[in-house]
**Student:** 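Dropping the structure in here first, questions after.
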Amino acid sequence: EHRSVAKQRQALLRPLRGKILEVAVGTGLDLPYYCNRADVTACDVSLGMLNRASARLSGLTDHRIKLVKMDAHELLFMDDTFDAVVGTFLFCSVENPGKVAREIKRVIKPGGQFVTLGYHHDKVLQILRRAGLIIVSSKEWPSDDRPIGRIIATKEVVIP
């Protein structure tokens with residue numbers, strides 16, 4: 001992994017607090033960057049990826065991270081469950097990015113946030129907006145092979 005991506009992962013994930021969901025955890029590259037007080041559930045549809053993430057997790061004794069097998073297109077959580085949802089390099093690896101974005105919005109608590117790093121920055125911004133998420137910040141920078149973007153979005157707060 002390129003150093004600039006590792007720095008961006010840390011800057012994006014370390015401040016997250018509360019109940020966090022990581023969608024499509026893959027090999028677990030994000031896992032060391034979470035604050036050890038965070039309550040993280042990390043899911044992936046692939047048992048092979050979860051096994052690799054589990055191996056990476058074994059060295060993180062002070063973190064509260066649970067790995068579960070789950071498809072990003074159908075998150076098996078109640079609405080408004082998580083304070084934050086993470087999806088690094090998510091939208092270049094799922095079949096239906098729009099459906100995944102709608103699922104992410106559904107499980108985020110009002111006022112909660114979605115954070116992502118990945119390719120195809122402008123396309124991901126469109127997907128998130130169509131899903132009803134509000135873009136808080138967005139930045140793109142060059143990397144070795146193609147630009148990488150960082151996006152922070154929120155679910156609109158509903159006042160009863």
**Student:** If you round to the nearest 0.5 Å, how far is CZ of R9 from CG of D30?
**Tutor:**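 The CG atom of D30 sits 4.5 Å away from the CZ atom of R9.
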**Student:** Quick one: closest heavy-atom pair of G149 and H121, and the distance?
**Tutor:**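 Residues G149 and H121, closest heavy atoms: CA-ND1, 3.3 Å.
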**Student:** Evaluate the side chain to side chain contact (heavy atoms under 4.5 Å, CB included) criterion for residues W141 and R150: first the C-alpha distance (whole Å), next the side-chain angles of each, then the deciding distance (0.1 Å), finally the verdict.
**Tutor:** CA-CA 9 Å; W141 68 95; R150 178 192 72 219; 3.8 Å; yes
**Student:** How about K109: does its NZ atom have over 12 heavy atoms from other parts shown lying under 6.0 Å from it?
**Tutor:**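 Buried by this count: over 12 neighbours within 6.0 Å.
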**Student:** I need the D44 CG to K69 NZ distance, nearest 0.5 Å.
**Tutor:**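 Answer for the CG-NZ pair, D44 versus K69, is 8.5 Å.
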**Student:** Is there a donor-acceptor contact under 3.5 Å from the side chain of R106 to the main chain of L75?
**Tutor:**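 The answer is yes, because a donor-acceptor pair under 3.5 Å joins these two groups.
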**Student:** Treating Ile, Leu, Val, Met, Phe, Trp and Tyr as nodes and any side-chain heavy-atom pair under 4.5 angstrom as an edge, say whether Y33 and L117 lie in one connected cluster.
**Tutor:**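 Same cluster.
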**Student:** Taking G98's backbone N and O only, do any of them form a donor-acceptor pair with R102's side chain (distance below 3.5 Å, no angle check)?
**Tutor:**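 Yes.
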**Student:** Spell out, as yes or no, whether a donor-acceptor pair under 3.5 Å connects the side chain of T88 to the backbone of T116.
**Tutor:**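 No, T88 side chain to T116 backbone: no donor-acceptor pair under 3.5 Å.
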**Student:** Does some side-chain heavy atom of L90 sit less than 4.5 Å from a side-chain heavy atom of I104?
**Tutor:**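 Yes. Closest side-chain heavy atoms under 4.5 Å.
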**Student:** Between L12 and L31, is there shared hydrophobic-cluster membership here, with clusters defined by ILVMFWY side-chain heavy atoms closer than 4.5 Å?
**Tutor:**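 L12 and L31: one cluster.
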**Student:** Answer with yes or no whether the hydrophobic clustering places V107 together with I20; edges join I, L, V, M, F, W, Y residues whose side-chain heavy atoms lie under 4.5 Å apart.
**Tutor:**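 V107 and I20: separate clusters.
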**Student:** Can you tell me how far CG of L128 sits from NZ of K105, rounded to the nearest 0.5 angstrom?
**Tutor:**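 Between atom NZ of K105 and atom CG of L128 there are 11.5 Å.
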**Student:** So, H73 side chain and N96 main chain: donor-acceptor pair closer than 3.5 Å or not?
**Tutor:**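 Judged by distance alone, yes, a pair lies under 3.5 Å.
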**Student:** May I ask you to establish whether R146 and Y119 are in a cation-pi arrangement, using a distance under 6.0 Å from NZ or CZ to the six-membered ring centre and at most 45° from the ring axis?
**Tutor:**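 Yes, R146 and Y119 form such a contact.
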**Student:** Considering residues at least two apart in sequence or located in another chain, which fulfil the ring pair (Phe, Tyr, Trp, His ring centres under 6.0 Å) criterion with F114?
**Tutor:**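 F114 satisfies ring pair (Phe, Tyr, Trp, His ring centres under 6.0 Å) with no residue once adjacent residues are dropped.
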**Student:** Which atoms form the tightest heavy-atom contact between L50 and A42, and what is the distance?
**Tutor:**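 It is CD2-O, 4.4 Å.
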**Student:** Between E22 and C43, is the side chain to side chain contact (heavy atoms under 4.5 Å, CB included) condition met? List the steps.
**Tutor:** CA-CA 6 Å; E22 181 167 345; C43 67; over 6 Å; no
**Student:** Please say yes or no: joined through hydrophobic side-chain contacts below 4.5 Å, possibly via intermediate residues, are L13 and V5 part of one cluster?
**Tutor:**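 Hydrophobic grouping puts L13 with V5.
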**Student:** Measure across P32 and G28 and return the closest heavy-atom pair with its distance rounded to 0.1 Å.
**Tutor:**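 The answer is CD-O, 3.7 Å.
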**Student:** Is there a donor-acceptor pair closer than 3.5 Å between any side-chain N or O of K155 and the backbone N or O of I108?
**Tutor:**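 Checked: pair present.
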**Student:** Are L16 and F77 co-members of a hydrophobic cluster defined by side-chain heavy atoms under 4.5 Å apart?
**Tutor:**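 Cluster IDs for F77 and L16 differ.
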**Student:** Distance-only, no hydrogens or angles: does the D83 side chain make a donor-acceptor pair with backbone N or O of K19 under 3.5 Å?
**Tutor:**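 Yes, because the side chain of D83 sits within donor-acceptor range (under 3.5 Å) of the backbone of K19.
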**Student:** If you round to the nearest 0.5 Å, how far is CG of L67 from CG of L47?
**Tutor:**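 So the gap between those two atoms works out to 11.0 Å.
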**Student:** When rounded to the nearest 0.5 angstrom, what distance separates NZ in K123 from CZ in F91?
**Tutor:**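 Result: 11.0 Å between the selected atoms.
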**Student:** Quick check: does any side chain N or O of R56 sit under 3.5 Å from a backbone N or O of T27, one acting as donor and the other as acceptor?
**Tutor:**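 Looks like yes, one N/O pair under 3.5 Å.
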**Student:** If I compare all heavy atoms of L133 with all of A101, which pair ends up nearest, and what's the gap?
**Tutor:**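 Minimum heavy-atom contact is CD1-O, 4.4 Å.
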**Student:** Return the CG to CD1 distance between N36 and I65, rounded to the nearest 0.5 Å.
**Tutor:**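 Here the rounded value is 9.5 Å.
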**Student:** Hey, does V68 have a side-chain heavy atom less than 4.5 Å from the side chain of T41?
**Tutor:**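 In short, these two side chains touch, coming nearer than 4.5 Å.
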